[in-house]
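See structure below.
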There are 2 protein chains.
Amino acid sequence: MYCDTMARTKDPAVRTLLIERAAHMLRIREPITLRSLVAGTDVSTMAVYTYFGGMDGVWKALRQEGFTRLAARFATVTTSEDPVQDLTVLITAYLGNALDHPDLYRVMFDANFDLEDLKAADATLEYLVQAAERSRKTHRFHADTDPLELATQSWTIAHGLVSLVANGPLPHQTLGYGVPLLTALFISVGDNPDRCRLSVENGWKQLRLPDE
Amino acid sequence: MYCDTMARTKDPAVRTLLIERAAHMLRIREPITLRSLVAGTDVSTMAVYTYFGGMDGVWKALRQEGFTRLAARFATVTTSEDPVQDLTVLITAYLGNALDHPDLYRVMFDANFDLEDLKAADATLEYLVQAAERSRKTHRFHADTDPLELATQSWTIAHGLVSLVANGPLPHQTLGYGVPLLTALFISVGDNPDRCRLSVENGWKQLRLPDE
DNA sequence: TCCTAAAACATAGCAGTGCAATGCTATGTA
DNA sequence: TACATAGCATTGCACTGCTATGTTTTAGGA
């Protein structure tokens, strides 16, 4: 057999162009259809199939984009000497990211579409796990606290809050419940109550919500 | 002869027939389209418009159906002399209902569709509020505990858990995190730790998950 | 440099979608 | 009997994602 010659090379720019355009249309609440996605650009409808394999592939890429942005936001969070505060700050970053991109956030957890890179999505949770681990190592949490379990529980609170607020029935101020919920959780795994309240409240100040 | 005359008045049975059929199609993961919804029945596509005003109306009715079933499930929960346990049982009922009807659950919080009867949806939260109120009145919780706030926080935990499990990436066993999360929350508003653990663990035994 | 095979593309068209317009039928009222 | 009204079947339209077909472009070997 002759060697597989890669004849014409795909242009990565086209791929990101379409993803960014799709994200933009999502942001301004325009319905994303095959034809509306390529309208105005100089790419044809078939390009969507060569680059993404179909509209499902576009949504998959979009879902990945959601995790990419979340990871980028997590990466901006600097660690301090207070790991409980850091964990809280990570949660506020999670909430801020979800409210900045509510439509992307909704896609992120739409199990109808697979992820292109499952590991990258899982890696975002690792930020929370690390902060929980540091809290345990510095004796803020009980020694038998499972960092992954605590990270998941924190995540559950954040997801519950933000999904009821971003695309749900609760008003934005409800996000404030994150303070008592996280405080109760952290105290329950051993943190000193007064110190915990301080850490969470200080961390919570990092919450940045989009303008309304 | 009157025997072959067709009634021209709106038949409520047609409405429930279509809703039940839509719910059934949702359950077996069949796509719900205008034509597929009426296929097999003796109602025409236009009937969907006279009864629901369009496919959006069908989804609205379906969303309402989700709250109706949740309310029905809540109604089966009998109150005991332990309001904290009762509150936990209500949460397990919430989780059980969501996992019995994961597709309906997803529709319930899809803000793309309005609700026909917003009050009926709000009323379901009232079950939780009442249990929280009884916990406060029996001095399980601090006197200054706001029952609505605590109910909403419990709801947030339940929703976060179940939405990450039912249509999300977490395995079913993750639901078990409900025990430590609720316990931490109830203790944080004043309940006696040991007594709280007993109440939550006892209440959690009422969790009924669908067979897999 | 030229040739060839395969990748990428453009076009047209298909089956399927929700929905509106039209006109018919059955009922209620005068 | 005459008319008004409500429900609904039929038809057709604008749109969807997608595919079949033919053309263009490009990489790699001779």
Side-chain angles (χ1 to χ4, degrees), chain A residues 1-19 21-26 28-64 103 106-107 110-114 116, chain B residues 1-19 21-26 28-63 103 107 110-114 116:
Chain A
M1 194 153 188
Y2 285 178
C3 58
D4 317 333
T5 63
M6 296 294 280
R8 193 164 170 177
T9 58
K10 281 190 202 176
D11 182 2
V14 174
R15 193 171 194 283
T16 62
L17 182 147
L18 289 178
I19 288 183
R21 178 168 166 80
H24 178 253
M25 296 175 72
L26 213 55
I28 61 178
R29 300 317 199 260
E30 269 185 32
I32 299 181
T33 73
L34 174 66
R35 288 170 177 79
S36 71
L37 181 60
V38 301
T41 72
D42 56 352
V43 303
S44 75
T45 60
M46 270 309 290
V48 174
Y49 288 84
T50 59
Y51 283 92
F52 298 98
M55 284 307 290
D56 278 12
V58 175
W59 290 105
K60 269 202 265 187
L62 224 46
R63 195 178 169 200
Q64 195 77 46
D103 301 293
R106 157 172 276 176
V107 176
D110 190 334
N112 289 353
F113 307 105
D114 298 336
E116 300 175 330
Chain B
M1 299 293 279
Y2 292 146
C3 45
D4 58 350
T5 62
M6 292 174 49
R8 285 286 129 173
T9 58
K10 263 195 194 175
D11 183 1
V14 174
R15 192 169 195 283
T16 64
L17 183 148
L18 289 178
I19 289 183
R21 180 169 164 78
H24 176 254
M25 296 175 72
L26 213 54
I28 61 178
R29 304 307 204 265
E30 270 184 30
I32 298 181
T33 72
L34 175 66
R35 289 173 177 76
S36 71
L37 180 61
V38 302
T41 72
D42 56 352
V43 303
S44 74
T45 59
M46 274 312 291
V48 174
Y49 287 84
T50 60
Y51 282 93
F52 299 98
M55 284 307 290
D56 279 11
V58 174
W59 289 106
K60 269 202 268 185
L62 224 48
R63 195 177 168 201
D103 302 293
V107 176
D110 189 335
N112 289 353
F113 307 106
D114 297 335
E116 301 174 328

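In what follows, chains are A, B, ... by sequence order, proteins preceding strands, each numbered from 1. This is a predicted model, so every value here is computed, not measured.
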key: Per-nucleotide protein contact string for nucleotides 10-19 of chain C, where B marks a base within reach and S marks sugar-phosphate only (heavy atoms under 4.0 Å, - for neither)   = BB-B---BBB
query = Within this structure, what is the CH2-to-P distance between A:Trp59 and D:dC18, rounded to whole angstrom?
reply =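 Between P of D:dC18 and CH2 of A:Trp59: 12 Å.
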task = Starting at atom NZ of A:Lys60, determine the distance to atom C1' of D:dG17, rounded to an integer number of angstrom.
result =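 To the nearest whole Å, that distance equals 16 Å.
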key: Side chains of B:Ser36 and B:Met25 in contact at under 4.5 Å (non-hydrogen atoms)   =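 The answer is yes, as the side chains (C-beta and beyond) meet within the 4.5 Å cut-off.
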For A:Arg15, all residues meeting salt bridge (charged side-chain N to carboxylate O under 4.0 Å, His left out), sequence neighbours excluded =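 So A:Arg15 forms a salt bridge (charged side-chain N to carboxylate O under 4.0 Å, His left out) with A:Glu116.
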task = Using the test salt bridge (charged side-chain N to carboxylate O under 4.0 Å, His left out), find all partners of A:Asp110 that sit at least two apart in sequence or belong to another chain.
result =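 Partners of A:Asp110 under the salt bridge (charged side-chain N to carboxylate O under 4.0 Å, His left out) test: B:Arg106.
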ask   = Can a salt bridge be assigned to the pair A:Asp103 and A:Arg29 using a cut-off of 4.0 Å between side-chain N and carboxylate O?
value =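 Here A:Asp103 pairs with A:Arg29 in a salt bridge, since their nearest N and O are under 4.0 Å apart.
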request  = Provide the closest heavy-atom pair for B:Phe52 versus B:Ala61 in the form atom of the first, atom of the second, distance.
outcome  =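 Nearest heavy atoms, B:Phe52 then B:Ala61: CE2-CB, 3.8 Å.
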request  = To the nearest 0.5 angstrom, please state how far the CD1 atom of B:Ile32 sits from the CE atom of B:Met55.
outcome  =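 Here the interatomic distance stands at 6.5 Å.
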task = Examine C:dC9: is either OP1 or OP2 under 4.0 Å from a nitrogen or oxygen in the side chain of A:Tyr51? Give yes or no.
result =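 Affirmative; the distance criterion is met.
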ask   = OP1 or OP2 of D:dG7 less than 4.0 angstrom from a side-chain nitrogen or oxygen of B:Thr50, does that happen here?
value =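 For D:dG7, OP1/OP2 do not have a side-chain N/O of B:Thr50 under 4.0 Å.
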